[in-house]
Amino acid sequence: MARRTAEHPVFARRLAFVRERAGLSQTQLGLLAGMDPSVASPRINQYERGKHEPQLKTAKQLADALGVPPAFFYTEDELLAQLLLQWNDLSVSKKKALLKSLEKAPRGKTSKKSPSR
């Protein structure tokens with residue numbers, strides 16, 4: 001069942017952002033995601049306004065059409081969203097290298113400030 005929210009939900013904001021970034025109209029995106037031409041524009045419009053949120057299957061189709069991981073639509077973390085936008089453009093070897101470098105990085109949250117004495 002679609003989840004409804006009153007304020008601009010993260011899904012709605014992210015969908016509109018990547019659609020515009022791709023230079024697609026709402027109709028074009030709906031058609032690329034496999035929607036019937038008679039409902040493509042209205043459905044994308046409702047998703048972007050936050051009136052409705054698509055089922056996961058439809059969100060995956062939208063993500064595929066836009067070349068982003070489905071997780072991009074749902075994360076509230078802006079830095080993670082930026083990383084996810086870049087993820088699909090990386091080769092498998094670069095993805096593996098990135099993961100390896102992250103595994104070697106120190107764990108936990110660190111402060112950029114020096115400890116005061």
Side-chain angles (χ1 to χ4, degrees):
M1 186 169 183
R3 183 179 62 179
R4 297 179 188 200
T5 55
E7 298 256 357
H8 305 283
V10 69
F11 187 96
R13 291 191 320 266
R14 296 212 191 285
L15 177 62
F17 172 77
V18 290
R19 178 186 60 78
E20 291 169 2
R21 178 178 171 245
L24 297 172
S25 69
Q26 291 177 338
T27 302
Q28 290 170 321
L29 174 57
L31 293 174
L32 287 173
M35 295 177 188
D36 184 90
S38 65
V39 299
S41 180
R43 283 182 62 192
I44 299 300
N45 183 273
Q46 289 181 346
Y47 298 155
E48 289 185 4
R49 287 187 300 126
K51 184 171 181 178
H52 297 287
E53 191 170 294
Q55 294 181 353
L56 186 55
K57 178 183 176 188
T58 303
K60 287 179 181 179
Q61 292 170 315
L62 292 168
D64 288 345
L66 291 163
V68 298
F72 170 78
F73 293 132
Y74 298 100
T75 183
E76 293 183 11
D77 182 321
E78 291 300 320
L79 292 175
L80 179 56
Q82 290 175 30
L83 179 62
L84 289 169
L85 278 179
Q86 302 300 317
W87 185 256
N88 279 6
D89 294 334
L90 297 175
S91 66
V92 172
S93 63
K94 287 186 178 183
K95 288 177 182 178
K96 288 179 180 181
L98 176 60
L99 289 173
K100 192 171 188 173
S101 69
L102 291 172
E103 289 169 356
K104 291 180 181 179
R107 297 278 181 208
K109 296 182 180 184
T110 58
S111 173
K112 293 187 180 215
K113 293 182 180 179
S114 301
S116 56
R117 295 187 182 214

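Worth knowing before you read on, the calculation uses all heavy atoms, side chains too, and leaves out hydrogens, waters and symmetry mates.
Every residue meeting the side-chain hydrogen bond (donor to acceptor under 3.5 Å, both in side chains) condition with Gln28, not counting sequence neighbours, appears here in chain and number order: Ser25. Contacts of Phe73 classified as ring pair (Phe, Tyr, Trp, His ring centres under 6.0 Å), with partners at least two apart in sequence or in another chain: Phe11. Residues forming a side-chain hydrogen bond (donor to acceptor under 3.5 Å, both in side chains) with Ser38 (at least two apart in sequence, or on another chain): Asp36.
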Worked check of side chain to side chain contact (heavy atoms under 4.5 Å, CB included) between Leu29 and Leu62: CA-CA 7 Å; Leu29 174 57; Leu62 292 168; 3.9 Å; yes
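In plain terms, the two heavy atoms of Ala33 and Ala65 that are nearest each other are N-CB, 4.2 Å. Pairing each heavy atom of Leu79 with each of Asp77, the nearest pair is N-OD1, 2.9 Å. Residues Asn88 and Gly67 approach most closely at ND2-O, 3.1 Å, considering heavy atoms.
Residue pairs that meet the salt bridge (Lys or Arg N to Asp or Glu O under 4.0 Å) test with at least one member in residues 9-32, sequence neighbours left out, are Arg14-Glu78, Arg19-Glu48. Pairs of residues two or more places apart, or lying in two chains, never qualify as salt bridge (Lys or Arg N to Asp or Glu O under 4.0 Å) while including a residue from residues 84-100.
Within the 4.5 Å cutoff, side-chain heavy atoms of Leu85 are placed close to those of Val18. The side-chain heavy atoms of Leu56 and Tyr74, taken from C-beta on, include a pair separated by under 4.5 Å. Taking the side chain as every heavy atom from C-beta outward, Val10 and Thr75 never approach each other to under 4.5 Å.
Note that OG1 of Thr58 and NE2 of His52 are 12.5 Å apart. Values are rounded to the nearest 0.5 Å.
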What donor-acceptor contacts under 3.5 angstrom involve side-chain atoms of residues 40-47, with partners at least two apart or in another chain?
unit_1: Arg43; atom_1: NE; unit_2: Tyr47; atom_2: OH; d: 3.3
unit_1: Arg43; atom_1: NH2; unit_2: Tyr47; atom_2: OH; d: 3.0
unit_1: Asn45; atom_1: OD1; unit_2: Arg49; atom_2: NE; d: 2.6
unit_1: Asn45; atom_1: ND2; unit_2: Gln26; atom_2: OE1; d: 3.4

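Residues Leu90 and Leu66 share a hydrophobic cluster, clusters being chains of Ile/Leu/Val/Met/Phe/Trp/Tyr side chains in contact below 4.5 Å. By the rule that hydrophobic residues join a cluster once side-chain heavy atoms approach within less than 4.5 Å of another member, Leu83 and Leu99 end up as members of one cluster.
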